[in-house]
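Chain A is the first sequence line, chain B the second, and so forth, proteins listed ahead of strands; every chain is numbered from 1.
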Number of protein chains: 2
Amino acid sequence: MGKKQRQNKGITLSDVAARAGVSAITVSRVLRRPQMVSPDLRERVKVAVEALNYLPDPAASALASKRTNVVGVLIPSVTNQVFSAVLRGIYDATEETSLDIQLANTRYRIAEEEKLIRIFRSQKPAGMIVAGIDQSEAGKSMLQDLDCPVVQIMEISPDPIDMMVGFSHFEAARTATDHLVRNGYRRVGFLGARMDPRTQRRYEGYRAALAAAGLDHQGLAITTVAASSVTLGGQMLGDLLSQCPDADAVFCNNDDIALGALFECQRRRLGVPDAFGIAGFNDIEMMACTYPSLTSVRTHRHEMGRRAVSLIIDALDGKRPEHPVVDLGFQLMERDSTRRSRRLDIGVRS
Amino acid sequence: MGKKQRQNKGITLSDVAARAGVSAITVSRVLRRPQMVSPDLRERVKVAVEALNYLPDPAASALASKRTNVVGVLIPSVTNQVFSAVLRGIYDATEETSLDIQLANTRYRIAEEEKLIRIFRSQKPAGMIVAGIDQSEAGKSMLQDLDCPVVQIMEISPDPIDMMVGFSHFEAARTATDHLVRNGYRRVGFLGARMDPRTQRRYEGYRAALAAAGLDHQGLAITTVAASSVTLGGQMLGDLLSQCPDADAVFCNNDDIALGALFECQRRRLGVPDAFGIAGFNDIEMMACTYPSLTSVRTHRHEMGRRAVSLIIDALDGKRPEHPVVDLGFQLMERDSTRRSRRLDIGVRS
DNA sequence: GTGATGAATGATAGCGCAATCATTTGTCAA
DNA sequence: TTGACAAATGATTGCGCTATCATTCATCAC
């Protein structure tokens with residue numbers, strides 16, 4: 001195997017201190033609050049740290065100081081593209097900081113989430129980022145008592161546990177559905193998988209848009225608790241069309257479903273957008289380059305991760321945001337899948 | 001912030017011990033090696049742990065025992081669907097264990113990876129999982145000296161640092177390309193993004209298959225170091241067709257590229273599979289339900305994550321695998337995108 | 001010159017746990 | 001009964017760091 005054993009393992013603060021000719025605590029200070037130490041000592045210590053290739057032991061540090069650099073992140077799933085984009089934002093934002101990310105999956109289960117909050121609490125995290133606003137009561141109360149900044153992401157609501165970065169799923173869905181209506185679609189369906197609380201709020205936005213336009217949604221909503229997938233999107237479109245053969249568009253609760261619906265339309269020779277309109281949700285990269293390109297609601301997932309981290313960093317510095325709830329908004333990306341060449345009916349509001 | 005401070009924080013081993021009427025070390029033993037303690041004490045301690053809702057302090061434990069439950073995971077990217085599937089396998093496999101996953105992104109950079117290995121080393125991990133076999137020399141040597149199980153994933157090679165779970169990218173690509181050739185395609189292109197070492201090996205598999213069939217690949221390979229995306233796949237297909245208008249198929253170095261190529265074919269009214277064949281790599285879920293469905297090489301990503309963890313768990317139990325390199329293989333998923341209805345030429349080997 | 005003040009540095013203790021060794025208790029053969 | 005031995009439990013110590021308090025020294029007003 002390797003050449004020598006035990007490399008710089010076992011290099012401790014005192015080793016560095018000895019080499020620099022100072023006390024251990026001074027080394028600790030140079031590493032954590034350099035401005036407390038005079039420039040010349042600071043320099044000497046830094047040289048010794050380099051020379052010995054010293055790295056502090058995070059466990060010892062945590063034990064002595066009763067806190068860690070760990071930011072706990074609770075998301076439902078790592079494979080969901082939406083959350084992995086958020087996650088990347090989080091990692092990007094912690095890049096040059098001393099913060100460590102500790103990730104855990106709730107698997108869309110509130111009980112699991114509560115368990116994980118309890119575990120994180122025992123680690124004295126520097127901050128917490130949790131997806132959504134639907135924690136259990138016990139979970140919320142633990143997060144509140146945590147004595148570290150807590151950011152809820154993905155959604156906004158008037159009563160954050162501490163801080164929030166997100167957007168209104170209701171408004172986003174309403175906007176997308178309204179767009180379909182304005183483009184002349186009259187029998188607009190809804191395809192919803194997973195049906196977690198976020199999806200529920202999108203469903204409500206969809207219904208609100210139809211109601212505002214005086215349109216009915218009876219039988220036009222196909223939902224399932226099954227996990228979302230492209231294949232499922234195709235199946236659900238099939239279900240919709242057998243249930244409501246006159247459906248002329250769908251708002252899909254996410255882009256996977258919308259993609260599946262598109263492929264299913266291709267398979268059935270159902271022309272998109274003229275015979276059938278499709279709108280998705282999240283605007284994953286692919287939506288812009290499908291054929292036809294797919295309308296979707298762009299959500300600022302990467303930015304959401306970044307902002308969550310910078311809120312935590314600021315809070316650790318004592319800088320509280322003016323308003324604890326940050327609404328990142330959304331953007332309707334109008335593309336070919338809802339761009340009817342001929343408006344099939346008359347009373348379209350401009 | 002919250003209402004009250006300091007909740008059950010501060011419950012320590014000795015608190016539990018006092019309540020159970022035993023010594024602290026006995027509580028520690030009940031929690032870590034229950035069979036060392038007599039059944040009745042064990043029971044009493046467990047009751048006390050429950051009653052006080054005790055959770056051990058991982059920092060103290062790490063400091064005292066000079067090791068952690070942390071398995072360090074080094075992957076190039078969290079947003080890449082391939083790695084997020086592996087990651088899910090890893091999380092799934094650690095579900096009911098005491099292991100914690102600590103994830104870090106190398107961003108496809110060897111130097112970054114080396115830095116991260118150094119950081120992990122200072123945390124005395126219980127195990128390490130690293131993607132690929134192309135670590136820097138220093139990185140490899142650190143991993144070797146780490147005194148914990150190390151699993152390289154995604155690839156196989158004759159000289160693992162410690163253990164390995166993966167498959168041959170060369171063989172997988174050769175098989176896919178050979179499949180195109182056998183189905184009558186003669187001017188088979190290659191679309192490669194990212195061009196990291198894994199992609200390079202796939203490229204070599206592609207060339208080997210063409211060479212074996214006596215076919216040329218001059219000008220048929222389009223590669224870029226840019227990150228892979230569906231949009232890019234469409235662009236690269238365009239590049240290929242302007243460079244080699246007679247190309248009649250592509251092997252794409254991953255599924256994103258293949259999807260982009262498919263959409264581009266639809267846009268150009270280039271019939272798939274008759275006029276043009278497409279094969280992808282990884283077989284993400286969507287490939288089976290596109291129109292036409294896309295041929296791809298299925299790789300066992302989730303299983304790779306699971307196996308990596310179980311190799312580590314076994315190694316921690318002292319159980320070394322018979323062979324340190326586990327080849328999970330791959331599976332060619334033949335679908336419509338390479339299923340020519342009429343074979344356009346004669347000399348096809350059966 | 002004196003004492004007050006503050007900046008820079010050091011000495012000491014202890015965070016909560018597990019390694020180590022010591023002690024107690026029970027069991028069994030001779 | 002005795003001693004040997006193993007199983008169960010406990011006492012002590014220290015992991016590497018930082019909080020806290022103490023000390024030193026320079027500076028300055030008076």
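- Within residues 23-46 of chain A, the residues that place at least one heavy atom under 4.0 Å from DNA chain D are, in residue-number order, A/I25, A/S28, A/R32.
- Inter-residue side-chain proximity for A/Y108 and A/I75 is flagged as unmet; no heavy-atom pair is nearer than 4.5 Å.
- Between the side chain of B/E96 and the backbone N or O of B/A93, no donor-acceptor pair lies under 3.5 Å.
- In this model, the phosphate group of D/dC17 is not approached by any side-chain N or O of A/K66 to a distance below 4.0 Å at OP1 or OP2.
- Judged purely by atom type and a 3.5 angstrom limit, B/Q81 has no side-chain atom pairing as donor or acceptor with the backbone of B/V78.
- Salt bridge annotation for A/R118-A/E114: present, with a cationic side-chain nitrogen under 4.0 angstrom from a carboxylate oxygen.
- Nucleotide D/dG16 holds its C1' atom 17 Å from the CZ atom of B/R67, rounded to whole Å.
- C/dC17 atom C1' lies 13 Å from atom CG of B/N69, rounded to whole Å.
- The nearest heavy atom of DNA chain C to B/P56 and to A/G21 marks one nucleotide each, and the one closer to the 5' end goes with A/G21.
- With C/dC17, D/dG10, D/dG16 as the choices, the nucleotide that has an atom nearest any side-chain atom of B/L13 turns out to be C/dC17.
- B/I11 places its CD1 atom 10 Å from the P atom of C/dC17, with the value rounded to the nearest Å.
- Atoms CG (B/D15) and C1' (C/dC15) sit 14 Å apart, rounded to a whole Å.
- For B/E50 and B/K46, the salt-bridge test fails: no basic side-chain N is under 4.0 Å from an acidic carboxylate O.
- The separation between B/L63 atom CG and D/dC15 atom C1' is 4 Å, rounded to whole Å.
- If you take CG of A/D57 and C1' of D/dG16, they are 6 Å apart, rounded to a whole angstrom.
- When the shell of 6.0 Å around CZ of B/R42 is examined, it contains more than 12 heavy atoms from other residues, nucleotides or ligands.
- Checking the phosphate oxygens (OP1, OP2) of C/dC17, a side-chain nitrogen or oxygen of B/Y54 falls inside 4.0 Å.
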